[in-house]
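The figures that follow rest on heavy atoms only: side chains count, while hydrogens, waters and symmetry mates do not.
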Amino acid sequence: MKILRKISLLFFPPRCALCDEVVAFPDRQSDDKRFYFDKCGFRCLCAKCRDKKKLYLYISESLDPIECVSFFRYDGDAKKSILKLKMHGDKNKALQLARLLTATVCEVYPDYNFDMVTFVPMDAKKKKERGFNQTELLAKFLADFMQIDVKNVLQKRDNVLAQHTLSMQDRKKNVKDAFSIMADADVKDKNILLIDDIVTTGSTLISCCKVLRDAGAQRVVCATVCKSMLDQKAF
């Protein structure tokens with residue numbers, strides 16, 4: 001298997017998740033999942049883009065506070081990567097970003113004991129038009145890396161306006177009651193990792209977390225690829 005892997009790397013070398021430049025070959029392997037993802041995630045970025053990776057920790061000030069971590073600011077190459085995933089359903093880009101997302105989750109939540117991974121849903125009409133949900137792609141790859149079940153437990157009502165078209169104040173109103181738990185979903189007493197591609201005001205994640213908690217989830221933490229810096233500082 002090692003020989004096949006080396007041959008595969010010669011023809012399909014790892015590329016930077018942001019700029020798609022070839023990155024250096026891994027110099028060692030490990031069966032330890034946490035070590036592997038920390039190292040593998042770091043090597044998913046070229047030397048130039050490596051300095052752009054910075055953790056953005058977000059905790060909302062709502063009555064039901066949420067925890068969220070992101071690893072890129074939503075601009076430049078990071079924005080281009082998200083749009084490539086969002087507009088074209090690029091599975092290789094989803095795989096690259098999911099590796100980084102996995103590394104980040106392991107770094108920020110080292111004591112994780114998640115029962116499931118889930119994702120912010122897309123309304124049925126929009127998903128039918130687009131043919132995929134980019135956050136679902138990210139969640140499936142991440143769940144596979146972390147060896148956790150991924151489950152679609154949330155649903156979104158149709159005709160909810162796109163958040164990026166609204167002011168910060170209107171975003172909260174727009175997602176109020178926009179999400180609900182699926183009839184056959186079992187989240188009671190579960191520790192859940194919720195995935196999205198971008199967080200801006202946190203309104204969407206707050207709404208989703210509230211639905212999950214109201215359905216009995218024990219703990220919900222969030223992770224996104226990017227953080228829009230309209231209202232939040234990095235630390």
Chemist: A side-chain contact here means heavy atoms from C-beta on lying under 4.5 Å apart; do N191 and M116 qualify?
Modeler: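 No, side chains not in contact.
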
Chemist: Do K210 and F179 have side chains that approach each other closer than 4.5 Å (heavy atoms only, starting at C-beta)?
Modeler: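 The answer is no; the side chains never approach within 4.5 Å.
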
Chemist: Carefully, step by step, assess L95 and L137 under the rule side-chain contact (heavy atoms from CB on, under 4.5 Å).
Modeler: CA-CA 8 Å; L95 177 66; L137 291 176; over 6 Å; no

Chemist: I'd like to know if the side chain of Y58 and the backbone of T201 have a donor-acceptor N/O pair within less than 3.5 Å.
Modeler: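 Checking the backbone N and O of T201 against the side chain of Y58, a donor-acceptor pair under 3.5 Å is found.
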
Chemist: Run the numbers on V225 and I198 for side-chain contact (heavy atoms from CB on, under 4.5 Å), then give the verdict.
Modeler: CA-CA 6 Å; V225 176; I198 309 165; over 6 Å; no

Chemist: Could you check whether any side-chain heavy atom of T104 comes within less than 4.5 Å of a side-chain heavy atom of V69, counting everything from C-beta outward?
Modeler: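 In contact.
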
Chemist: Examine distances only and state if a side-chain atom of S228 and a backbone atom of Y74 form a donor-acceptor pair shorter than 3.5 Å.
Modeler: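 Not confirmed, S228 side chain does not pair with Y74 backbone.
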
Chemist: How close do F132 and H88 get, heavy atom to heavy atom, and via which atoms?
Modeler: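 Taking every non-hydrogen atom into account, CZ-C, 3.8 Å.
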
Chemist: Does any non-hydrogen side-chain atom of F72 lie less than 4.5 Å from one of I82?
Modeler: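 No, side chains not in contact.
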
Chemist: Is there a donor-acceptor pair under 3.5 Å between the side chain of T135 and the backbone N or O of V120?
Modeler: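 Yes, the answer is positive, given that a donor and an acceptor are paired below the 3.5 Å cut-off.
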
Chemist: Answer whether the closest heavy-atom distance between the side chains of I192 and D115 falls below 4.5 Å.
Modeler: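 They are not in side-chain contact.
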
Chemist: Taking the basic N atoms (NZ, or NE/NH1/NH2) and the acidic carboxylate oxygens, is any pair closer than 4.0 Å for D123 and K125?
Modeler: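 No.
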
Chemist: Working to the nearest 0.5 angstrom, can you tell me the gap between K227 NZ and D75 CG?
Modeler: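 Reported to 0.5 Å precision, the distance equals 12.0 Å.
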
Chemist: Search all heavy atoms of F141 against all heavy atoms of A98 and return the closest pair with its distance.
Modeler: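 That would be CB-CB, 3.5 Å.
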
Chemist: Got a donor-acceptor contact below 3.5 angstrom from the S207 side chain to the S203 backbone?
Modeler: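 Answer holds: no.
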
Chemist: Measure the SG-CD distance between C209 and E67 for me, rounded to the nearest 0.5 Å.
Modeler: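 With rounding to 0.5 Å, SG (C209) is 9.0 Å from CD (E67).
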
Chemist: So how far is it from M146 CE to L101 CG, rounded to the nearest 0.5 Å?
Modeler: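 Reported to 0.5 Å precision, the distance equals 9.0 Å.
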
Chemist: Keeping the roles fixed (side chain from D77, backbone from C19), state whether a donor-acceptor pair exists under 3.5 Å.
Modeler: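 No; zero donor-acceptor contacts below 3.5 Å.
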
Chemist: Is there a side-chain contact (heavy atoms from CB on, under 4.5 Å) between K127 and E136 once you walk through the steps?
Modeler: CA-CA 11 Å; K127 186 174 181 180; E136 183 176 1; 2.8 Å; yes

Chemist: Between D149 and A143, which heavy-atom pair has the shortest distance, and what is it?
Modeler: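 Heavy-atom minimum between the residues: C-CB, 4.4 Å.
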
Chemist: Can you give me the closest heavy-atom contact between R73 and C226, atom names plus distance?
Modeler: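 Residues R73 and C226, closest heavy atoms: O-SG, 4.3 Å.
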
Chemist: Can I148 be reached from L193 by stepping across I, L, V, M, F, W or Y side chains whose heavy atoms are under 4.5 Å apart?
Modeler: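 Yes.
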
Chemist: Side-chain contact test, heavy atoms from C-beta onward, threshold under 4.5 Å: evaluate it for C208 versus L194 and give yes or no.
Modeler: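 They are in contact (side-chain heavy atoms under 4.5 Å apart), so the answer is yes.
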
Chemist: Nearest 0.5 Å, please: how far is CZ in F119 from CG in D196?
Modeler: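 If we round to the nearest 0.5 Å, D196:CG and F119:CZ are 11.0 Å apart.
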
Chemist: Just checking, is any N or O donor in the side chain of D197 or Q134 under 3.5 Å from an acceptor N or O on the other one?
Modeler: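 Yes, a side-chain donor-acceptor pair sits under 3.5 Å.
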
Chemist: Quick one, C68 and V221 - any side-chain contact, counting heavy atoms below 4.5 Å?
Modeler: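 The answer is no; the side chains never approach within 4.5 Å.
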
Chemist: Salt-bridge test for K93 and D20: reply yes if a basic N is under 4.0 Å from a carboxylate O, no otherwise.
Modeler: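 Salt bridge flag = yes for D20 with K93.
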
Chemist: Could you tell me whether K52 atom NZ has more than 12 heavy atoms of other residues or ligands within 6.0 Å of it?
Modeler: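 Check passes, neighbour count above 12.
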
Chemist: Side chains of L154 and M182, heavy atoms from C-beta outward: is any pair under 4.5 Å?
Modeler: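 In short, these two side chains do not touch, never coming nearer than 4.5 Å.
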
Chemist: Under 4.5 Å between side-chain heavy atoms, counting indirect links through other Ile/Leu/Val/Met/Phe/Trp/Tyr residues: same cluster for L100 and V117 or not?
Modeler: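 Cluster IDs for L100 and V117 match.
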
Chemist: Going from CG on L138 to CG on L85, what distance comes out if it is rounded to the nearest 0.5 angstrom?
Modeler: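 Rounded to the nearest 0.5 Å, the CG-CG separation comes out at 5.0 Å.
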
Chemist: Under a 3.5 Å distance rule, please check whether N152 uses its side chain to pair with a backbone N or O of P121 as donor and acceptor.
Modeler: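 Here the side-chain-to-backbone pair does not exist.
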
Chemist: Quick check: closest heavy atoms across A185 and I181, and the distance to 0.1 Å?
Modeler: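 Where A185 meets I181 most closely, the heavy atoms are CB-CG1, 3.9 Å.
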
Chemist: Kindly write out the residues that satisfy salt bridge (Lys or Arg N to Asp or Glu O under 4.0 Å) with R130, not counting sequence neighbours, or none if the list is empty.
Modeler: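 Checked R130 against salt bridge (Lys or Arg N to Asp or Glu O under 4.0 Å); zero matches.
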
Chemist: Is the number of heavy atoms from other residues, nucleotides or ligands under 6.0 Å of K140 NZ greater than 12?
Modeler: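 Check fails, neighbour count at 12 or below.
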
Chemist: Taking all non-hydrogen atoms of both residues, which atom of L142 and which atom of V105 are closest, and how far apart?
Modeler: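 Heavy atoms of L142 and V105 come nearest at CD1-CG2, 4.4 Å.
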
Chemist: I'd like to know whether K190 forms a side-chain contact (heavy atoms from CB on, under 4.5 Å) with F114, so could you lay out the CA-CA distance, the side-chain angles of the two residues, the decisive distance to 0.1 Å, and finally the verdict.
Modeler: CA-CA 8 Å; K190 298 291 193 297; F114 298 118; over 6 Å; no

